[in-house]
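First comes the structure, then the notes that go with it.
Please read all numbers here as calculations on a predicted model, not as lab measurements.
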Amino acid sequence: MEPEKEKTGRLPRKGRKRRRVPNKLIRTPEARIPGSDPVDRQPEPKRARLASILIAENCEVTHEQLCELLKYAVLGKPDIEKPRWCQLLYQSQLKRIVVVILQGMSQLHFYRFYLEFGFLRKAFKHKFRLPPPSSNFLADIIGLQNKETAGYLPKTIEGSLPSTITKPNINLQNDPIIQKYGSKKVGLLRCLLTEEEMKTFNFPLQGSPDCENFITTKCNGSVTDNSPLFGLDCEMCITSKGRELTRISLVAEGGSCLMDELVKPDDKIIDYVTCYSGITKKMLNPVKTKLKDVQRQLKALLPPDAVLVGHSVDLDLRALKMIHPYVIDTSLLYAREQGRRFKLKFLAKAILGKDIQCSERNGHDATEDATSTLELAQYFLKYGPKKIAELNLEELWRDQEIRNIREKFHVLKCLDSVDQKLLFLSRETDNIELPSKNCETIKCLSNKEVFEQARRQVDFHPFSIVQFSFEPFSPLLTEEMNKRMRIKWTEMSTIYAGPFSKDCNLRALKRLFKSFGPVRTMTLVLETHQPHLYIRYEVLEAAQLAIESLNGVLVEGVYIKVQRPVTELTLDCDTLVNELEQDSENRDTIYLSGVSQNFLGHLQELPNLFFGLEAVIVPTDPKSGRQKKYCFLKFKTCGNAQRALHILTGKDWKLKGRHALTPRHLHAWLRGLPPESRRPPGLRVRPPPSEQETLQADHPKIAAWHWSRKIGRLYQSLSPGTLCVILLPGTTSPHGSLSGLGLMGIKDDEEEESTTPSMGL
């Protein structure tokens, strides 16, 4: 019952009696509707808006995607494409950006020495996998290496369609090409522009008032689907009377060039438009050919049923001052939404796999353009509208535009546009040079000096890159370490359960253990006096949940023991599981097993039922594509996650679950586990020689512990509102490559003191 209010609408003054709410009206979590109770939805106190970051897909992030984020973090303007893989909220509130590169380290290092990297795993909520680095990792992440657009579409081979870029779920009926031509193959006559279309697109026609001095090609024969095609392209300049012809190219089927002539205009040239036409004053000086000569030659070359093919060929015909009735215009043939047109350069690349009008050349090549338009028309006739529509040209066009924007700006240019410079700190042995105009580079003798300089300099620069360099593992040690790490995670996901009675219900036992999560292998162990079960789960959470739920429990009339195999790789398993549970990425995430299709069918309703739910991750089987019977729910806070877990594992929902232990990027790594690296139970693996020695100061384990704390000190010295990105780039060598790892977060002015690293050993 609400306390009585005064007439002013305010709550009663202090001292006035209030009615006490009976305890029986306070509902327990099991009794209330999940997420509907006001307790779940208490508004947070208002505070100033701070920059924050959310990762939508925290699996593998390419170097190009990382560069997108850094550029957007610098400018945040509409002309910089927003990164699609994450959301940077309130970018204007960012104070500075600090990127720390641990050169020579990889994802393998992080999880091999997971306990030693204490600060990094606890302080940074967002982690993502990186592909193995190229020869210049730094240039990749700041966008200095401008890659040619030639590589963004696969070339066709012997006329085949580039099927690798076909989009599988396109509604072809909405494609403008299908709407205009239908889905079946069409003949040449269907591709010709009608007289009405030629009027609409301002082609020169007989009787038009602006075509009085135009001449016809005298091609008035009967056109059929077998009539010859001729590719036409013209280049123009600007004269005192407007656009006039300076070059014409005519190409026949088969690629033979019938005509390629330079033409001198009658009027004074004002602009040669060399960047497009390729024509210069020097080229035209000796030319005697005039427009009337070209007209006469063209009329003689074209047969009566000739079909001219060009791209925006109305402009070519107007430059020629000629009228021709049979035309295929590739800018209209490859129809686009809302009447827009694709550029010839784009169509040549997307359809033919050809690079034309390249920036290295001084202007366009008329013969090359004429050949391309002819081949585009032939391609359309050969494959039909449906095949063209399946390419989804609109999507390819948008991808190209985004790529063009990326190529125009790299991080240094973005900083230069706002009169700022980048600070780059590295060792003298690092053979990396950045442009001095946009960058202040400080070379140091050692990693220790890099660290000291970073603490002094970073706060005075808006964007800093701090690179520490470490000796990578030897190829032999890397291979052995990789195998051991993968075996360790497999053994941590394996349990032995028993003993069971000899007449136990094996089917019921299998059903029981499968209820905790997806099982990879389950076998009956008969070597012991009483049977035991050997179960290998797909995910670590399932094995841990089975241990917590069944160890010491009465099953089939026997108290059973559930435990992991005891090997040198699992001796610290309990400690590792506890630390994984406290990982900043796992604290806010819960694992659920036994989710039904009914539960999965109501995913859209979950955010309304559980306050603070940010993401629902439902893995799918890579072969069948079916959703698996477990999922992960990610929440804004640990409290939200704990409350939801309590409700979902209660009597109303009857699901099994616990807090998550493995981040999503780690799932992707473990999923690719090769069968030969999974040893059978009981097989002993000797540590590599370097790991049997006494730990020295430069041992990787000590280095990981030491530099995790060093970076912690650097992080604590940063001002609030700093975007901090830690990169373990990975390694590439002739013996194999290791993927990298990224950690990211924005320093808050209310950082928990628990993230402050301890300086004592």
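- Annotation: side chain to side chain donor-acceptor pair (under 3.5 Å) contacts of Lys443 (sequence neighbours excluded): Ser426.
- Take Glu212 and apply the side-chain contact (heavy atoms from CB on, under 4.5 Å) test, not counting sequence neighbours, and it matches no residue.
- Applying the side-chain contact (heavy atoms from CB on, under 4.5 Å) test to Glu253 and every residue at least two apart in sequence or in another chain returns Pro228, Leu229, Leu374, Gln378.
- Pairs engaging residues 182-240 under the ring pair (Phe, Tyr, Trp, His ring centres under 6.0 Å) rule: none recorded [sequence neighbours left out].
- Residue pairs meeting the salt bridge (Lys or Arg N to Asp or Glu O under 4.0 Å) criterion with at least one member in residues 86-98, sequence neighbours excluded, are Arg96-Asp459.
- The salt bridge (Lys or Arg N to Asp or Glu O under 4.0 Å) pairs that include a residue from residues 177-193 are Lys180-Glu197, where partners are two or more places apart or lie in different chains.
- Contacts of Asp271 classified as salt bridge (charged side-chain N to carboxylate O under 4.0 Å, His left out), with partners at least two apart in sequence or in another chain: none.
- Ion pair Glu375/Lys354 flagged as a salt bridge, since at least one NZ, NE, NH1 or NH2 atom sits closer than 4.0 Å to an Asp/Glu carboxylate oxygen.
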Which donor-acceptor pairs under 3.5 Å do side chains of residues 255-264 form with protein atoms, sequence neighbours excluded?
| from | atom 1 | to | atom 2 | distance (Å) |
| --- | --- | --- | --- | --- |
| Asp260 | OD1 | Arg247 | NE | 3.0 |
| Asp260 | OD1 | Arg247 | NH2 | 3.3 |
| Asp260 | OD1 | Ser249 | OG | 3.0 |
| Asp260 | OD2 | Arg247 | NH2 | 3.1 |
| Asp260 | OD2 | Thr367 | OG1 | 3.3 |
| Lys264 | NZ | Leu284 | O | 3.2 |
| Lys264 | NZ | Asn285 | O | 3.1 |

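- Applying the side-chain contact (heavy atoms from CB on, under 4.5 Å) rule to Thr429 yields the partners Arg427; only residues at least two apart in sequence or on another chain are considered.
- For Glu428, the CD atom counts as densely surrounded, since its 6.0 Å shell holds more than 12 non-hydrogen atoms of other residues, nucleotides or ligands.
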Original post:
Yes or no on salt bridge (Lys or Arg N to Asp or Glu O under 4.0 Å) for Asp293 and Lys290, after CA distance, side-chain angles and deciding distance?
Top reply: CA-CA 5 Å; Asp293 301 320; Lys290 294 290 187 176; over 6 Å; no
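- Thr371 pairs by the side chain to side chain donor-acceptor pair (under 3.5 Å) definition with nothing, not counting sequence neighbours.
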Check: residues 307-314 side-chain donor-acceptor pairs under 3.5 Å, at least two apart:
| from | atom 1 | to | atom 2 | distance (Å) |
| --- | --- | --- | --- | --- |
| His311 | ND1 | Thr330 | OG1 | 2.8 |
| His311 | ND1 | Ser331 | N | 3.4 |
| His311 | NE2 | Phe342 | O | 2.9 |
| His311 | NE2 | Leu344 | N | 3.4 |

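- Partners of Glu394 according to the side chain to side chain donor-acceptor pair (under 3.5 Å) rule, which considers only residues two or more places apart in sequence or in another chain, are Arg336.
- The residue from Val327, Ile328, Leu333 that alone fulfils the side chain to side chain contact (heavy atoms under 4.5 Å, CB included) condition with Leu193 is Val327.
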